[in-house]
Number of protein chains: 2
Amino acid sequence: MGAKSRKKVLEAQTVKYAAIFAALGDPIRLALVNKLSDGTAKSISSLTDGTKVTRQAVTKHLRVLEDAGLVQGSRIGRENLFELDLRPFKDMKDYLKFVSNQWDAALLRLQAFVEDDDE
Amino acid sequence: MGAKSRKKVLEAQTVKYAAIFAALGDPIRLALVNKLSDGTAKSISSLTDGTKVTRQAVTKHLRVLEDAGLVQGSRIGRENLFELDLRPFKDMKDYLKFVSNQWDAALLRLQAFVEDDDE
DNA sequence: TTAAAATGCAACATAGAGGTTGCGTATCAT
DNA sequence: ATGATACGCAACCTCTATGTTGCATTTTAA
């Protein structure tokens, strides 16, 4: 065992993953991600178009996404251009895969048990 | 076009996905999912063990997960046993894949453009 | 039968998310 | 130079998510 127990590490991982999921857990933010998924960086004003909220609200949402590492902004002239960062998405995929794998392993164990019971 | 515009449908999808992501966007709920990922149904009290919150709090979290379709509870005697439902997880995977695909397609278009520029 | 276990229901508290408005500043375009 | 564009900051508001406590109800087990 290292300095941290397995439990602590798992808990830290859980908190990290939860933060990423939470960032996507809002319709407006998910819509922003959709807009940005075409790979091109977009300004705040541009991202506000088509939304039912204020530019300020969108700015706050972008901040949330940025804190979660899902997007990254860079100031160009008078514009603040945001673009997607796919790395956290891979993290989420990995987590979902982990859950599925646990599940599948459980099913296999159950099946083995039942078959064993048949003999 | 059907009765609903594509935009409306997309928006509805986005709201649905956001609800699922939001359900996982909490450390306690994610920990509950972890516990349940071994495939066995567990009672509320059992799920409360190891948590830093009250049974009532866990109950509320389970309700959130249930509303999102991630878990399902069934009353057996004096216990309320909850188990995971993997279907929404597949939905999330699909969404993440969609974003990745958009991204990859964008990169390909960019690459094609650059190569075209080279000639 | 009776104490313990598991849960549900309801009232309550509170911090924070999500949103708006107002105003100031920097930058672009003409 | 100057109006329009894009943005940041800060104050403020409101609602809801999260959590607690208290009490009643149902089941189980000795």
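Throughout, protein chains are lettered first and strands after them, A, B, ... in sequence-line order, and every chain is numbered starting at 1.
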Would you mind reading off the distance between [X] atom [atom1] and [N] atom [atom2], rounded to a whole angstrom?
X       : N      : atom1 : atom2 : result
A:Lys60 : D:dT14 : NZ    : C1'   : 12 Å
A:Leu47 : D:dG8  : CG    : P     : 12 Å
B:Asp49 : C:dA6  : CG    : P     : 9 Å
B:Arg75 : D:dT25 : CZ    : P     : 14 Å
B:Leu62 : D:dG19 : CG    : C1'   : 15 Å
A:Asp26 : C:dA17 : CG    : C1'   : 9 Å
A:His61 : C:dG16 : NE2   : P     : 18 Å
B:Asp67 : D:dT18 : CG    : C1'   : 15 Å

- Message: With a 4.5 Å cut-off on side-chain heavy-atom distances among I, L, V, M, F, W and Y, is there a chain of contacts connecting B:Leu70 to B:Leu81?
- Response: no

Proximal nucleotide (of [options]) relative to the [X] side chain:
X       : options                : result
B:Ile28 : D:dT18, D:dG19, C:dT20 : D:dG19
B:Ala57 : C:dG19, C:dG8, D:dG19  : D:dG19
B:Val64 : D:dT18, C:dG19, D:dG19 : D:dT18
B:Arg29 : C:dG19, C:dG8, D:dT18  : D:dT18

- Message: Any base atoms under 4.0 Å from B:Ser45, or only sugar-phosphate, or nothing? Heavy atoms, all strands.
- Response: sugar-phosphate

- Could you check whether A:Glu79 gets within reach of a base, just the sugar-phosphate, or nothing at all, counting any heavy atom under 4.0 Å? sugar-phosphate

- Task: Indicate whether OP1 or OP2 belonging to D:dG8 is found under 4.0 Å from a side-chain N or O atom of A:Asn80.
- Result: yes

- Task: Indicate whether OP1 or OP2 belonging to C:dG19 is found under 4.0 Å from a side-chain N or O atom of A:Thr54.
- Result: no

Decide yes or no, distance alone: a donor-acceptor N/O pair under 3.5 angstrom between the base of [N] and the side-chain of [X].
X       : N      : result
B:Arg78 : C:dT7  : no
B:Gln56 : C:dC9  : yes
A:Arg55 : C:dG19 : no

- Query: Any side-chain heavy atom of A:Thr59 within less than 4.5 Å of one from A:Thr48?
  - Reply: no

- Query: Are a donor atom and an acceptor atom from the side chains of A:Lys42 and A:Thr40 found within less than 3.5 Å of each other?
  - Reply: yes

Is any NZ, NE, NH1 or NH2 atom of the basic residue among [X] and [Y] found under 4.0 Å from an Asp or Glu carboxylate oxygen of the other?
X       : Y       : result
B:Asp91 : B:Arg87 : no
A:Asp94 : A:Lys90 : yes
B:Glu66 : B:Lys60 : no
B:Glu11 : A:Lys52 : yes

- Toss me the dot-bracket line for DNA chain D: Watson-Crick and G-U wobble, both under 3.5 Å, 5' to 3', using | for pairs to another strand and [ ] for crossers. ||||||||||||||||||||||||||||||

- So the ring-ring contact (aromatic ring centres under 6.0 Å, His included) pairs with at least one residue in residues 75-97 of chain A (sequence neighbours excluded) are A:Tyr17-A:Tyr95, A:Phe21-A:Tyr95

- Name the residue closer to the 5' end of DNA chain C, choosing between B:Ser43 and A:Gly25 according to the nucleotide with the nearest heavy atom. B:Ser43

